[in-house]
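Everything below concerns the one structure shown next.
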Amino acid sequence: MDGFSILLLATLVVLLTINLPVAFAIALSSLVFLVAKGLPIQTLVQRLVNGTDSFPLLAIPFFILVGELMNRGGITRRLVALASAMVGHLTGGLAHVNIVTNTMMSGMSGSSVADAAGIAKVMVPVMKQGGYSRSFAAAVTAAGATIAPIIPPSIGMIIYAAMTGTSVGRLFMGGIVPGVLLSVSLMCVAYWVCRSKGYTSRGAKFSWMALFAGFRESFFALMLPLIVLFGIRGGVFTPTEAAAVAAVYAFFIGVFVYREIKIADVPKILSDAAIGTAVIGLIMAAAIPFGWLLTWQRVPQMVTEGVISMTNDPSVIYFLLIMLLLALGCFMDSTAIMIMLVPIMLPIITNVGIDLVHFGVVLMISLMVGGLTPPFGILLFTVSGITGAPIMSVVREVLPFIGALVVFLFIVTYLPSIVLFLPDLMMGTPR
């Protein structure tokens, strides 16, 4: 690796260390490289613009809009009622309700931060009234939000697909089984913690009438992920078109079915969705020239050759990549990690025959561990800021859930059939 490559990477690390916003840190490191190399800085602008000219990326603003419409349309409250009817009668019932609600919301928003924020506002006060500590309630909410990028639709999977050329439909299908199993794993941890801490309060006894009522109230919301998945699977529309259909559907049920969105609310909803899109879009745009410069300097090829020279065992390589992702997740934003490392990791995983769909799901789970890990831990700061729970007390409460996530991560890593079973069944085995 020559001095210019080191300059590119070192500048990025320094800018991120001083807490410069991720998009600006990536763009400025590219600019420093171009100036040092004596190349025209117009190249940066051209790559910024051309890199985001991608049809699959159009799905991102639509799914962000879906999340805004769902949060404003009373969906969270209805899903909480349904989850209460399903699992509220168990020991530590409200903790299970929190996780199940997160699981159902994951099939609608695709954003862990959006789920954490929306559910924290509803569930943490209810759990506190039920005798749970504020910090534990916040920790359960943050842990449950990690399911969002795994169960489709997933904004992270769309970004990964755009970077690697992987089928969005297969990625979406591949996330369903791991997402459900992760939810069950978190519920097992919640049960154990609630038993040990004495949070044994339960909700009302299980009632088929209450379950039916909750399902009836949530029916139209629950149809949204089914429309997306079966529409893609049946070839009715592309993933990008599915996102647009989902946005129209969410608007319809919010305005005309549940009647909790007023026409006067629409400008604010569109504004918030635009801001959310701009944040991701700016990072994506800045990452394109950065990735191009890395490739031009042959950094991915050199890393690939270095790793392969040590071992070509896919199991060992997978372990090394996961350790790197977990370590970086403590200090960096998940989107930034993905954008920086996927171009470098892609030649490695394709060289040793690792399935791109499987790796995509493993990548999403790895990044979500980072969302719960200090000092960055965006999910921790989100729930702490909304609930007022001290950040360090939330960290202590979330540790058992992080342990479960790491164990689950390695199970999924070394049992690829958990990920690949459903896409192969529904869409056929790729040749």
Side-chain angles (χ1 to χ4, degrees), residues 67 70-71 74-84 86-88 90-151 179-180 182-194 197 199 201 203 334 364-365 367-374 376-405 408:
M70 287 294 183
N71 286 334
I75 301 302
T76 304
R77 176 170 48 81
R78 288 175 171 83
L79 293 179
V80 167
L82 175 59
S84 297
M86 293 170 63
V87 297
L90 301 175
T91 297
L94 289 177
H96 300 307
V97 170
N98 192 320
I99 294 170
V100 171
T101 304
N102 261 300
T103 304
M104 292 188 290
M105 283 290 290
S106 298
M108 300 173 195
S109 72
S111 167
S112 58
V113 175
D115 283 6
I119 294 175
K121 294 173 185 176
V122 176
M123 282 302 305
V124 172
V126 173
M127 291 182 69
K128 192 169 182 296
Q129 292 174 4
Y132 299 80
S133 73
R134 187 191 303 271
S135 297
F136 176 72
V140 172
T141 304
T146 59
I147 304 169
I150 303 167
I151 292 181
V180 173
L182 177 57
S183 176
V184 174
S185 301
L186 295 178
M187 289 178 68
C188 291
V189 174
Y191 177 85
W192 173 73
V193 173
C194 288
K197 289 180 175 290
Y199 299 143
S201 60
S334 60
M364 293 300 117
I365 301 173
L367 296 177
M368 285 302 96
V369 176
L372 292 179
T373 309
F376 194 85
I378 185 65
L379 295 176
L380 297 178
F381 287 104
T382 299
V383 297
S384 175
I386 291 173
T387 64
I391 186 68
M392 290 312 298
S393 64
V394 178
V395 170
R396 286 191 294 270
E397 297 284 6
V398 86
L399 288 177
F401 296 99
I402 293 177
L405 270 166
F408 181 78

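Heavy atoms only: backbone and side chains are in, while hydrogens, waters and symmetry mates are out. Sequential numbering from 1 along the given sequence is applied to the chain's residues. Please read these numbers as outputs of a predicted model, since none were measured by experiment.
Ser135 approaches Ser393 most closely through the heavy-atom pair OG-OG, 2.6 Å. For the pair Thr101 and Val97, the tightest heavy-atom approach, listed with the atom from each and the gap, is OG1-O, 2.7 Å. For the residue pair Ile147 and Gly179, the shortest heavy atom distance occurs at CG2-O, 3.9 Å. Across every non-hydrogen atom of Met105 and Ile119, the tightest pair is CG-CD1, 4.0 Å. Contact record, Cys194 with Tyr132: SG-CE2, 4.0 Å, taken as the closest heavy-atom pair. Across all their heavy atoms, Leu94 and Met123 have their closest contact at O-CE, 3.6 Å.
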Criterion side chain to side chain contact (heavy atoms under 4.5 Å, CB included) on Val124 and Val383, from CA distance to verdict: CA-CA 9 Å; Val124 172; Val383 297; over 6 Å; no

Side chain to side chain contact (heavy atoms under 4.5 Å, CB included) evaluation trace for Val398 with Thr373: CA-CA 9 Å; Val398 86; Thr373 309; over 6 Å; no

Distance-only check: which donor-acceptor pairs under 3.5 Å involve side-chain atoms of residues 136-145, not counting sequence neighbours?
| from | atom 1 | to | atom 2 | distance (Å) |
| --- | --- | --- | --- | --- |
| Thr141 | OG1 | Asn98 | ND2 | 2.8 |
| Thr141 | OG1 | Ala137 | O | 2.9 |

Between side-chain atoms of residues 183-190 and protein atoms elsewhere (two or more places apart, or another chain), which donor-acceptor pairs fall under 3.5 Å?
| from | atom 1 | to | atom 2 | distance (Å) |
| --- | --- | --- | --- | --- |
| Ser183 | OG | Thr103 | OG1 | 2.8 |
| Ser185 | OG | Leu181 | O | 2.9 |

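Ile391 contributes atom CD1, which lies 5.0 Å from atom CG of Leu380 (distance to the nearest 0.5 angstrom). If you take OG1 on Thr387 and NZ on Lys128, they are separated by 10.5 Å, rounding to the nearest 0.5 Å. Distance OG1/Thr146 to CD1/Ile365: 9.0 Å, rounded to 0.5 Å.
At least one donor-acceptor pair under 3.5 Å links the side chain of His96 to the backbone N or O of Thr91.
Ion pairing between Arg134 and Glu397 fails under the 4.0 Å rule for side-chain N and carboxylate O.
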